[in-house]
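Index from 1, following the sequence.
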Amino acid sequence: MPPANGVSAPGSRPGSTKPGTPISSTSNSSLILRKQLLDLQKNPVDGFSAGLVDDDNILEWQIVIMGPADTLYEGAILKARLIFPPEFPLLPPKMIFDSEMWHPNVYEKGDKKGEVCVSILHQPGEDEWGYEDAGERWLPVHTVESVLISVISLLSQDVPDLSSPANVDAAKEVREDFASYKKKVKRLARRSAEEAYD
């Protein structure tokens, strides 16, 4: 039985709610995410597949992206996770690549390693640095499908956007030695496919 104050207990199931989060927020998130997962399973979209990491946690999804044809990622099998906040869809998920990535929009180091930095996954509202319009950032109408299509589009660019890189070293390599950048990305794409079959 939920606590009288409508707040989840600190000992609740990991990932389902966190202290201070209203139960109705998580319940709403759960319903929305279950519907989106069911829709993706009934009507798969070319280029990716999605499922739960753990059947008991709707807030963490396992994603597999097939490298888009005619790109540096062609043939890649990229593994990632989407981690949703209990406030979803009011707040965006985080997308974290588990496959090693070398891209200006994917953090390479630290506690954000593998995290995708793209407008659609940024908190709603105005960008304090002025790089993005509010309409480019997260909106509650976005879905898992729109997020993944946006990330696939990011990977499909002939030359990555360098305006606000998460991986400064990759951005520098794109500018200064694009041939070396392409070679590294293709090597990682091949490795991701090999690891998928191990």
Do you reckon [X] sits in the same ILVMFWY cluster as [Y], going by side-chain contacts under 4.5 Å, direct or chained?
| X | Y | answer |
| --- | --- | --- |
| Leu121 | Ile83 | no |
| Leu139 | Leu90 | no |
| Leu148 | Leu37 | yes |
| Leu188 | Val159 | yes |
| Val168 | Leu154 | no |

Calculate, to the nearest 0.5 Å, the distance between atoms CG and CD belonging to Asn167 and Glu115 respectively.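 Nearest 0.5 Å value for the CG-CD distance: 13.0 Å.
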Spatial distance of atom CG (Leu82) from atom CD (Glu60) [nearest 0.5 Å]: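 Going from CG on Leu82 over to CD on Glu60, the span is 9.5 Å.
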Go through Ile32 and Gln36 one step at a time and tell me if the side chain to side chain contact (heavy atoms under 4.5 Å, CB included) criterion holds. CA-CA 6 Å; Ile32 292 168; Gln36 288 188 26; 3.5 Å; yes
May I ask you to decide if the ring planes of His142 and Trp138 are parallel, tilted or perpendicular, using 30° and 60° as cut-offs?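 The arrangement is tilted - the two ring planes meet at 30° to 60°.
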Looking only at non-hydrogen atoms, find the nearest pair between [X] and [Y] and report the distance.
| X | Y | result |
| --- | --- | --- |
| Asp158 | Phe178 | O-CZ, 3.4 Å |
| Leu155 | Thr71 | O-CB, 4.2 Å |
| Ile152 | Pro68 | CG2-CG, 3.8 Å |
| Phe84 | Ile58 | CD1-O, 4.2 Å |
| Gly75 | Ala193 | O-CB, 3.4 Å |

pair Ile77-Tyr197: side-chain heavy atoms closer than 4.5 Å: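 Contact flag for Ile77/Tyr197 side chains = yes.
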My understanding is that only residues two or more places apart in sequence, or in another chain, count here; which of them pass salt bridge (Lys or Arg N to Asp or Glu O under 4.0 Å) with Asp39?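 In terms of salt bridge (Lys or Arg N to Asp or Glu O under 4.0 Å), with neighbours along the sequence ignored, Asp39 is linked to Lys35.
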Assess the residue pair Tyr73 and Ile65 against the criterion (side chain to side chain contact (heavy atoms under 4.5 Å, CB included)); give the C-alpha distance rounded to whole Å, side-chain angles, the decisive distance to 0.1 Å, and a yes or no. CA-CA 10 Å; Tyr73 295 93; Ile65 295 176; over 6 Å; no
Ignoring hydrogens and angles, write down the donor-acceptor pairs under 3.5 Å from the side chains of residues 40-53, residues two or more places apart or on other chains.
none

Determine, step by step, whether Tyr181 and Leu72 satisfy the side chain to side chain contact (heavy atoms under 4.5 Å, CB included) criterion, reporting the C-alpha distance in whole Å, the side-chain angles of both residues, the deciding distance to 0.1 Å, and the verdict. CA-CA 10 Å; Tyr181 170 82; Leu72 297 177; 3.9 Å; yes
Would you list the atom pairs, donor with acceptor, under 3.5 Å between side chains in residues 94-108 and any protein atom, with sequence neighbours excluded?
| residue | atom | partner | partner atom | Å |
| --- | --- | --- | --- | --- |
| Asp98 | OD1 | Arg81 | NE | 3.0 |
| Asp98 | OD1 | Arg81 | NH2 | 3.1 |
| Asp98 | OD2 | Arg81 | NE | 3.2 |
| Ser99 | OG | Lys79 | N | 2.8 |
| Glu100 | OE1 | Arg191 | NH1 | 2.7 |
| Trp102 | NE1 | Glu173 | OE1 | 2.6 |
| His103 | ND1 | Asn105 | N | 2.9 |
| Asn105 | ND2 | Cys117 | O | 3.2 |

